[in-house]
Amino acid sequence: MKIATWNVNSLKVRQQHVLDWLQLSQADVLCLQELKLTDDKFPRTDFEAAGYKSWFAGQKTYNGVGILVRDGVSVDEGSVVRNIPGFDDPQQRVIAATINGVRIVSAYFPNGQAVGSEKFAYKMRWLDALHDWLIDEIKAHPKLALLGDYNIAPEDRDVHDPKAWEGQNLVSPEERAQFVRLVGLGLTDSFRQFEQPEKLFTWWDYRMLAFRRNAGLRIDHILLSAELAATCSACEVDKVPRKWEQPSDHAPVIATIG
DNA sequence: ATGGCAGCCGTGGGCTGA
């Protein structure tokens, strides 16, 4: 089974890119972030026509997450959960579902804006809540995959210019400690299970010709529970859609499991 | 040192992203 994640930065603008990439990648499951639309605007029937069923949690203007599942892949309809249970939050950042026996979590982690800001404090609270929820979730579902835009570059090798970024939002010690804490739940960064090219990132700023200069960060991740990591045979970043006209600033990440 | 691009809302330019 191929599972993938992609921050599309507006599904309204990127709908055709998603359809094109599903064709190219043959993903069975695609987790989406930053839909930036309300549920009534989600193009469910367009994805259905392309052979994918969808579950989503959206809102106006910001955030919003979804999961697309190829027809023929079994989804436990009653298993769908929106938001982190017990964490009261108007921001739509999490949706989870049990797909082909695998607990799939599509997550859009808070950006944090700047270390020390109120938004950064929210990011930390949100990460605490995610961590605590996942303790129980992994117990209940030994096969679990946490896919999404983490807004954390875990190590210096995930940063184009570690010196310039040192201590900044997205790479700060506090955020990296939270990433390590998630790994401590028994999760594996599937990207690092395999040999990868140097300086392969998942996000490049729209400004400063950042993509052309490969001035990026690796902030989109697929973490797998031990049981799933043992079956993972590949994890790749697909930079191709970042070269398309009017692209998302993120590239999709795809892993093969089972 | 700063802003630079993109999307949203909604018609100005501010907010947010990463």
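Sequence lines set the chain letters: A, B, ... in the order given, protein chains first and strands last, and positions in each chain run from 1. None of these values were measured; they are calculated from a predicted model. Side chains are part of it too, since the values below use all heavy atoms of this structure and drop only hydrogens, waters and symmetry mates.
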Engineer: Using the C1' atom as the reference point in each nucleotide, state the distance between B:dC15 and B:dG10 in Å, no decimals.
Structural biologist: 13 Å
Engineer: Can you confirm whether more than 12 heavy atoms, excluding those of A:E48, are under 6.0 Å from its CD atom?
Structural biologist: yes
Engineer: Classify the side-chain pair A:D76/A:T98 by whether it contains a donor and acceptor separated by less than 3.5 Å.
Structural biologist: no
Engineer: A:E118 CD to B:dG17 P: how many Å, rounded?
Structural biologist: 13 Å
Engineer: Return the value, rounded to whole Å, for the distance between atom CZ of A:R213 and atom C1' of B:dC5.
Structural biologist: 13 Å
Engineer: In the hydrophobic clustering that connects Ile, Leu, Val, Met, Phe, Trp and Tyr at side-chain heavy-atom distances below 4.5 Å, which members other than A:F47 occupy its cluster, ordered by chain and number?
Structural biologist: A:W6, A:V8, A:L11, A:V18, A:L19, A:W21, A:L22, A:L24, A:L30, A:L32, A:L35, A:L37, A:F42, A:Y52, A:F56, A:L68, A:V240, A:W244, A:I254
Engineer: Taking the nucleotide of DNA chain B with the closest heavy atom to each, which residue, A:N169 or A:R207, is nearer the 5' end?
Structural biologist: A:R207
Engineer: Please report, rounded to the nearest Å, how far the C1' atom of B:dC5 is from the CD atom of A:E34.
Structural biologist: 14 Å
Engineer: How many angstroms lie between atom CD of A:Q16 and atom CG of A:D20, to the nearest 0.5 angstrom?
Structural biologist: 4.5 Å
Engineer: Check this for me, if you would: do A:D238 and A:K243 make a salt bridge, where the nitrogen-to-carboxylate-oxygen distance has to be below 4.0 angstrom?
Structural biologist: no
Engineer: Could you measure between the two P atoms, the one in B:dG3 and the one in B:dG14, and give it in whole Å?
Structural biologist: 13 Å
Engineer: Would you kindly give the OH-to-P distance between A:Y108 and B:dT16, to the nearest whole Å?
Structural biologist: 12 Å
Engineer: Show me the donor-acceptor pairs, under 3.5 Å and distance only, between side chains in residues 193-200 of chain A and residues at least two apart or in other chains.
Structural biologist:
{"from": "A:Q193", "atom 1": "NE2", "to": "A:A229", "atom 2": "O", "distance (Å)": "3.0"}
{"from": "A:Q196", "atom 1": "NE2", "to": "A:F191", "atom 2": "O", "distance (Å)": "2.9"}
{"from": "A:Q196", "atom 1": "NE2", "to": "A:C235", "atom 2": "O", "distance (Å)": "2.9"}

Engineer: Which value, in whole Å, describes the distance between the C1' atoms of nucleotides B:dG7 and B:dT11?
Structural biologist: 15 Å
Engineer: What integer distance in Å separates A:L37:CG from B:dT16:C1'?
Structural biologist: 16 Å
Engineer: Base, sugar-phosphate alone, or nothing: which one does A:D205 contact when heavy atoms must sit under 4.0 Å apart?
Structural biologist: nothing
Engineer: In whole Å, I'd like the distance from the CD atom of A:Q91 to the P atom of B:dC15.
Structural biologist: 16 Å
Engineer: With a non-hydrogen cut-off below 4.0 angstrom, is A:I219 in contact with a base, only sugar-phosphate, or nothing?
Structural biologist: sugar-phosphate
Engineer: Taking N or O atoms only and anything under 3.5 Å, show me the protein contacts with nucleotides 6-9 of chain B, one pair per line.
Structural biologist:
{"from": "B:dG7", "atom 1": "OP1", "to": "A:R14", "atom 2": "NH1", "distance (Å)": "2.9"}
{"from": "B:dG7", "atom 1": "OP1", "to": "A:R14", "atom 2": "NH2", "distance (Å)": "3.3"}
{"from": "B:dG7", "atom 1": "OP1", "to": "A:Q246", "atom 2": "NE2", "distance (Å)": "3.3"}
{"from": "B:dG7", "atom 1": "OP2", "to": "A:Q246", "atom 2": "NE2", "distance (Å)": "3.3"}
{"from": "B:dG7", "atom 1": "O3'", "to": "A:S10", "atom 2": "OG", "distance (Å)": "3.4"}
{"from": "B:dC8", "atom 1": "OP1", "to": "A:S10", "atom 2": "OG", "distance (Å)": "2.7"}

Engineer: Determine the interatomic distance between P on B:dG13 and the same-named atom on B:dA1; round to the nearest Å.
Structural biologist: 30 Å
Engineer: Using whole Å, report how far CD of A:Q33 lies from C1' of B:dT16.
Structural biologist: 17 Å
Engineer: What is the distance, rounded to the nearest whole Å, between atom NZ of A:K123 and atom P of B:dG17?
Structural biologist: 10 Å
Engineer: At what distance, to the nearest 0.5 angstrom, does CD of A:Q246 lie from NE2 of A:H17?
Structural biologist: 7.0 Å
Engineer: Look at all strands and tell whether A:N7 reaches a base, only sugar-phosphate, or nothing, counting heavy atoms closer than 4.0 Å.
Structural biologist: sugar-phosphate
